[in-house]
Amino acid sequence: MEETLKTRAERAYELLEKLSFTRVSCSEEETRAAEMLKAEAEKNGVPASIETFEASCGIVKEARLKVLEPYEKEYEVTGYIRSDSTPPDGLELDFVYAENGLPQNLVGCEGKAILVNGRVTYRMYERLQKAKPAAIIGFSGGVTDRNEETDLDIRKLRETYAGAFGSNVLLNLRASDALELVARGAKKVRVTVKAESFDGVSRNVLCEIPGTEFPDEIVSFGAHYDSVYFSKGAYDNMSGSVIIMEMLRYFKANPPRRTVRFHWYGSEEQGLLGSKAWTKAHEDELSKHVLMINVDVAAPVLGSEQVITMGTEAMTSYVDGMMKELGKAAEVKTDIYSSDSVPFADKGVPAINFCRFGAHGAAFIHERRDDLAYGYMNAEALGKTLDIVMEFSKRVINAPVFPIERKISDEIKDKVDKYLFRKK
Ligand SMILES: [Zn+2]
C-alpha cells in the first residue's frame, strides 16, 4: 500500500530531530552527521559512500580589541578563521569608521584599523585591501540585541577572498558595540589576533538508484547537511536533507525510469564547497545529468513554498503550470539561488530549488534559534515541501520524454558568473 504523506512527513521529521546538532564544516559533528546519513540510506536499502574533500579551515586562539583613546574599554570580538595573526602584544592602531568601504571612506586608511558595516562582502574586501589597512573589523547582529540571547558570530576569510585579494587581520564585533565605538569617537585601538590556518576534511554522502529504462539520464537530488557555528541547522538545512532521504525511500520502493542520485553536501555554508568539489571530481559524469533538484530550507509552520529554477523561462512555465494543475501553492520563478544548485547550473545542468521560506520573523537561519526547540517548525509543514518535491520528481523522472531542456538562459549564466565573482 502507498504510504501516506503524513507517514512520510512524520518519519522525515523524526530523522530531522536526530540530526539536529551543530555541524560546522570539517568538524567532528559534520563527520558524524555524514555517517548518520550514510547509515540511513543503507538502512533504506541503498548502498552509500562518503567522498572527502579538502576545505580551508583553522582556529583562532585569541582575538582582542581594546579602545585606548579617547576612552579605555575592551570589547568582546571574534577573529575570522584564516585571519592573519598580529604580533603577540597586538598592534596599536588609529581607528577609522569606513561605513561601506567606498573609496571615499578609505582615503588615508593605510596602516589603520577600519570598521565597516556588517559583513565584509567580496567587492568590499577588494576595495578594502587596496587601501592597505592593518586590520579590518566587521560586525554582526542588531544594535538592540541582548548579549545573553545572541551569539557573537564566528566568520571565516574564504579562500575565494584571500586567493584574489590576499589576507589580513580580520575581526568581528557585536553591532551594539560597533555603535558604541563609533558614537563615543574611538580614535586609537589595540588589536590582537592569534590564529592558525590549516586544511580540514569535509564530506559528501553519495548514492544512486539506477534507472530501469533510461539509466544514462541522471537526475541528481542535493541538499547540504552542514550548519554554521551556534546553529543546529534544523531549518537550514537538515530539513532539506531529510526530504531527499524520503525521495530515496520512494524511489527505492518504486524503481525510477531514469537514474536518480542523492547527494548530501558538506561545507555549503563555507561557499558551496561540497557541491563544487563534487562537480569538479565528477566532471565526466555531468554530460549525463539532465536535472539537479536541490532542497534547501523547509518546515516553518508559517511560511510559503518557493520554487526557483535555474534553466530557462520555458522550464519555469512548465513547473508553474504543473503546480497549478496539481493545485499546489508554490511561487515559481527563474532566478539564481545561493545553494548547491549553482555549481551544476555553472556546468550547464538545469537546476531547480525547492524551499519553504519562513514568513517574516517566523524562521531563523545562521543563529542559535535555528533549532526545533524554538517551536516554529513541525512535521506537517515539512510535509508540504516534501509533497511538492515528490509530485514534481515522480513526473519528470518517469516521463516518457524528459520534459526539461538541458539549457541555461543567458540571464542565469550571467547571474552565475556574478555570483561566482567572475563578473562585476
Ligand atoms: Zn542552506
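Both counts, for ligands and for their atoms, begin at 1 and track the order of listing. Keep in mind that what you see is a predicted model, and the values were worked out from it rather than measured.
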Quiz item: Which residues satisfy the salt bridge (charged side-chain N to carboxylate O under 4.0 Å, His left out) test with D177, sequence neighbours excluded?
Solution: none
Quiz item: Parallel, tilted or perpendicular for Y235 and Y376, by the 30°/60° rule?
Solution: perpendicular
Self-check item: Test item: N204 side-chain N/O and G266 main-chain N/O as donor-acceptor pair under 3.5 Å
Solution: yes
Exercise. Run through the protein N/O/S atoms less than 2.8 Å from the Zn ion (ligand 1) and write them out by chain and number.
Key: H224 NE2, D236 OD1, D296 OD1, D296 OD2
Quiz item: Once the angle between the rings of F251 and F221 is folded into 0 to 90°, is it parallel (under 30°), tilted (30 to 60°) or perpendicular (over 60°)?
Solution: tilted
Exercise. Using the six-membered ring wherever Trp is involved, compare the ring planes of H289 and F344 and label them parallel, tilted or perpendicular (cut-offs 30° and 60°).
Key: tilted
Quiz item: OH of Y225 to CD of E269: how many Å apart, nearest 0.5 Å?
Solution: 12.5 Å
